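Remarks on the structure that follows.
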Amino acid sequence: MTVNAVAAPPRPIPAARYRERLSAARDLVAERGLAALLVGVGADLRYLTGYEAMPLERLTMLVVPADGPVTLVVPRLELTPARACPAAGAGLVELLAWEETDDPVVHVGRLVRASTGRAAPAGAAAGEPIRVAVSDRLWASFLLRLQEVLPEARFGLGSAVLGQLRIVKDADEIALLRAAAHAADRVVAAIAGGRLIGRSEAEVSREVRERLLAEGHERAEFAIVASGPNSASPHHEASARVIEAGEPIVLDIGGTFGGYGSDITRTLWVTGADPVHRPYHEYLALFAVLRAAQAEATHAVRPGVPAERIDAVAREIIAAAGHGLHFIHRTGHGIGLEAHEEPYLVAGNGEPLREGMAFSVEPGIYLEGRFGARIEDIVVCTADGPDVLNQAPRDLFVVTGE
Ligand code: ZN
Ligand code: ZN
Ligand code: ZN
């Protein structure tokens with residue numbers, strides 16, 4: 001197998017977007033009466049600054065105060081990449097480099113207090129606690145130190161501030177999600193058109209990862225190849241099992257493209273040359289139910305519809321066919337800078353869909369020990385309804401695999 005690089009490189013998020021995001025975050029910090037939002041390494045930091053920092057035991061932290069400049073606190077040895085990030089390049093954040101012998105948390109504490117106008121730690125008697133939000137994925141080791149340095153602060157989750165911003169994608173983000181989806185579509189087509197019989201799941205999975213990279217992904221995060229009875233396990237790890245004629249394969253693949261996720265599932269049936277290995281009736285009937293459930297759930301996407309309604313549409317169709325107990329996961333998850341993020345399409349999530357939300361629609365039916373099937377697309381909610389980013393055909397891919 002030869003994989004040739006063909007993809008155009010991702011178009012990066014323009015600096016103007018970081019300006020908008022930082023100013024929206026700061027407005028929310030002030031509106032919510034917070035002293036500051038503290039953002040550690042990860043998707044929140046990339047969202048606000050474009051800085052893909054290394055996750056280290058050394059603290060990197062963006063301090064977004066209610067008042068005063070936004071400051072990126074970085075270890076001295078990371079100053080060069082920090083300076084090169086889009087937000088720093090556009091002069092949207094000030095850089096504060098800490099030396100190897102400094103305590104960076106003390107710097108952060110000082111910036112937070114500067115924002116509240118307090119010069120020294122306030123005792124219990126000094127009045128109201130200040131409120132600080134920290135990014136949800138901040139390591140406990142940093143948060144516990146922050147709690148020591150800011151005993152007067154009450155800490156809450158940063159998603160209370162950033163969740164409502166990140167959940168709605170702007171045009172540049174949607175363009176990256178679309179390019180990621182199209183790249184993944186091409187990988188599915190290449191795998192479905194190639195040899196499968198006689199190869200192990202792990203071999204095919206390796207080919208998926210190579211192809212995702214060749215299609216311009218900077219990372220291939222997952223490549224589920226679940227053949228035969230393994231197709232009944234939604235998150236099956238690709239194994240040494242060798243693919244045979246006369247069985248299904250659930251292919252669920254994805255990674256990141258310009259920082260944004262791809263995630264597609266298609267189900268294949270491998271026939272080989274002998275017509276005796278065509279898909280049998282029971283499987284085709286199960287797949288037809290799934291196909292209808294995925295189509296109807298996608299069709300139900302529009303602004304104002306509660307997220308849980310999309311799940312219910314898929315589930316009602318699958319349950320009516322007698323497979324309710326075999327649809328063992330939620331219908332979908334948001335996608336963006338993280339592979340799984342808000343909104344989750346699941347019973348109990350009454351949050352109304354909004355224009356610009358991006359998520360998977362991925363019902364599945366799994367008969368343990370026998371076989372399963374799943375169809376997954378990434379869908380953007382628009383004013384006119386669903387914008388389905390993936391374009392690969394959704395029918396069962398009946399392929400010779402030879
Ligand atoms: Zn998936
Ligand atoms: Zn998914
Ligand atoms: Zn069933």
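Order of listing sets the numbers, starting from 1, for every ligand and every atom in it. Note that the coordinates shown come from a computational prediction; the quantities given were computed from them, not determined experimentally.
- Remark: of the listed residues V270, T271, L268, T271 is the sole one forming a side-chain contact (heavy atoms from CB on, under 4.5 Å) with V398.
- With respect to the Zn ion (ligand 2), E362 has OE2 as its nearest N, O or S atom.
- A salt bridge links K169 with E341: the closest approach of a Lys/Arg side-chain nitrogen to an acidic carboxylate oxygen falls below 4.0 angstrom.
- Among heteroatoms of the N, O or S kind in H333, NE2 lies nearest the Zn ion (ligand 2).
- Salt bridge status for R17 with E20: present, with a side-chain N to carboxylate O gap under 4.0 Å.
- Residue D263 approaches the Zn ion (ligand 1) most closely through its N/O/S atom OD1.
- No side-chain heavy atom of P65 sits less than 4.5 Å from a side-chain heavy atom of V29.
- When distances to the Zn ion (ligand 2) are checked against a cut-off of 2.8 Å, D252 contributes no N, O or S atom below that limit.
- For E376, the N, O or S atom closest to the Zn ion (ligand 1) goes by the atom name OE1.
- The distance from the Zn ion (ligand 2) to the nearest N/O/S atom of H340 is not under 2.8 Å.
- For the pair R145 and F142, the cation-pi criterion (under 6.0 Å, within 45° of the ring axis) is not fulfilled.
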